[in-house]
Amino acid sequence: MTAILTVEDLSVRIAGLHILQGVSFTVAPTGVTVLLGRNGVGKTTTIRAVVGLTPANGEVTGRVRMGERSLLDRPTHRLVREGLGYVPEDRCVFAGLTVAENLRLAERRGTTPAYDRVYSLFPELDRRGRQRAGSLSGGQQQMLAIGRVLLNDNRLLLVDEPTKGLAPKVVTEVAEVLERVAETVPVLLVEQNLAVVRRLATDAVVIDAGRVAWSGSAQDLLAEAELTKSLLGVGSAETSHTPGAGGEAVGVRKENA
């Protein structure tokens with residue numbers, strides 16, 4: 001199958017630090033590809049480089065293509081209009097606006113927003129339409145962040161740490177939504193909860209020290225406890241098959257890269 005996303009020799013320097021050093025991988029046109037690695041190895045930097053959000057003091061080289069179209073020389077807003085959906089690590093909702101206003105801002109010109117789809121996946125957003133986003137719980141804000149992207153049709157979704165800091169019940173709800181979404185649109189996912197990875201991911205790419213250390217079947221990776229421990233610093237044999245029910249996470253601190 002032709003990859004929906006191809007990353008070749010991607011290097012990123014920010015404020016003199018060489019964070020990514022020739023990262024190469026592909027994302028299949030179906031299912032979930034998960035980007036794994038210890039804290040600070042460059043997972044979020046990779047996602048941000050793909051979507052054109054490297055800081056102004058950063059330098060990006062290499063090649064990134066969605067289908068046959070190059071991405072690195074194009075502004076973020078154009079990538080989004082062409083079907084690249086992005087859910088950032090820290091949700092980035094507009095705290096002073098209501099839920100309904102946050103969603104309205106995400107509508108793309110010339111398209112019909114899929115409110116039915118969003119509200120069927122997240123009924124809570126419909127009920128809390130007049131509530132300010134800043135007063136929502138962390139889980140509700142994550143639902144809103146994902147809902148904004150799902151309001152439009154996408155060719156590819158980039159989702160960065162969607163379960164970070166959430167209660168176990170909400171982790172399960174978010175995983176269920178992403179599982180349903182991945183039936184119709186491919187997802188590149190950064191995730192540290194290995195139970196969520198086990199449930200969702202088809203393919204896995206492991207980054208270590210700014211380089212790709214391993215790539216292949218996610219299930220093959222998780223089946224090898226020693227391999228998982230050497231690459232991620234945790235074991236996988238005892239992780240739960242149900243997200244939020246005791247699955248191990250790859251680190252607990254916010255990634256700085």
Okay, side chain of [X], backbone of [Y]: is any donor-acceptor separation there less than 3.5 Å?
X      : Y      : result
Glu224 : Leu221 : no
Gln21  : Ser11  : no
Asn102 : Phe94  : yes
Lys43  : Arg38  : yes
Arg108 : Val80  : yes
Glu59  : His18  : no
Ser135 : Gln131 : no
Thr33  : Val27  : no
Arg13  : Leu20  : no
Thr202 : Ala218 : no

Would you check if [X] and [Y] make a side-chain contact, meaning some heavy-atom pair closer than 4.5 Å?
X      : Y      : answer
Val197 : Asn193 : no
Val190 : Val34  : no
Thr26  : Val7   : no
Val60  : Leu72  : yes
Phe122 : Leu144 : no
Leu188 : Ile4   : no
Leu84  : Met66  : yes
Val205 : Leu36  : no

Atom [atom1] of residue position [X] - does it have more than 12 heavy atoms of other residues, nucleotides or ligands inside 6.0 Å?
X      : atom1 : value
Asp116 : CG    : no
Arg78  : CZ    : no
Arg132 : CZ    : no

Can you name the closest pair of heavy atoms from [X] and [Y] and give their distance?
X      : Y      : value
Gly37  : Leu232 : N-CD2, 3.7 Å
Thr54  : Ala49  : OG1-CA, 3.5 Å
Pro29  : Ala3   : CD-CA, 4.3 Å
Asp203 : Ala28  : OD2-CB, 3.9 Å
Ile14  : Ile19  : CD1-CD1, 3.8 Å

(Q) The test is side chain to side chain contact (heavy atoms under 4.5 Å, CB included); show your working for Val185 and Thr30 and say whether it passes. (A) CA-CA 7 Å; Val185 61; Thr30 60; over 6 Å; no
Q: Check step by step if salt bridge (Lys or Arg N to Asp or Glu O under 4.0 Å) holds for Arg127 and Glu124.
A: CA-CA 5 Å; Arg127 292 192 292 268; Glu124 190 80 3; 2.5 Å; yes
Going by an N to O cut-off under 4.0 Å, is there a salt bridge joining [X] and [Y]?
X      : Y      : answer
Arg117 : Asp153 : yes
Glu82  : Arg155 : no
Glu8   : Arg65  : yes
Glu183 : Arg180 : no
Asp160 : Arg48  : no

Which distance, rounded to the nearest 0.5 Å, do you find between the [atom1] of [X] and the [atom2] of [Y]?
X      : Y      : atom1 : atom2 : result
Leu156 : Tyr86  : CG    : OH    : 13.0 Å
Arg211 : Ser24  : CZ    : OG    : 10.5 Å
Leu231 : Ile207 : CG    : CD1   : 12.0 Å
Gln140 : Arg128 : CD    : CZ    : 4.0 Å
Leu71  : Arg74  : CG    : CZ    : 7.5 Å
Leu53  : Leu158 : CG    : CG    : 10.0 Å

Q. Stepwise, does the side chain to side chain contact (heavy atoms under 4.5 Å, CB included) test hold for Val170 with Gln142?
A. CA-CA 9 Å; Val170 183; Gln142 185 64 71; 5.9 Å; no
Side chains of [X] and [Y]: is there a donor and an acceptor less than 3.5 Å apart?
X      : Y      : result
Arg91  : Gln141 : no
Tyr115 : Glu107 : yes
Glu191 : Thr163 : yes

Q. Are Leu105 and Val149 grouped together when hydrophobic residues (ILVMFWY) are joined by side-chain heavy atoms under 4.5 angstrom apart?
A.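 Different clusters: Leu105 never reaches Val149 through Ile, Leu, Val, Met, Phe, Trp or Tyr contacts under 4.5 Å.
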Q.
Please tell me whether Leu97 and Leu151 are part of a single hydrophobic cluster in this structure, the criterion being side-chain heavy atoms less than 4.5 Å apart.
A.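 Leu97 and Leu151: separate clusters.
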Q: Walk me through it: do Val181 and Leu157 pass the test side chain to side chain contact (heavy atoms under 4.5 Å, CB included)?
A: CA-CA 9 Å; Val181 169; Leu157 293 183; 3.4 Å; yes
Q.
side chain to side chain contact (heavy atoms under 4.5 Å, CB included), that's the test. Do Leu121 and Leu150 meet it? Break it down for me.
A. CA-CA 10 Å; Leu121 291 170; Leu150 299 182; 3.6 Å; yes
Q: Would you mind telling me which of Val174, Val196, Val187 makes a side chain to side chain contact (heavy atoms under 4.5 Å, CB included) with Pro162?
A: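 With Pro162 as partner, Val174, Val196, Val187 yield a single side chain to side chain contact (heavy atoms under 4.5 Å, CB included), made by Val174.
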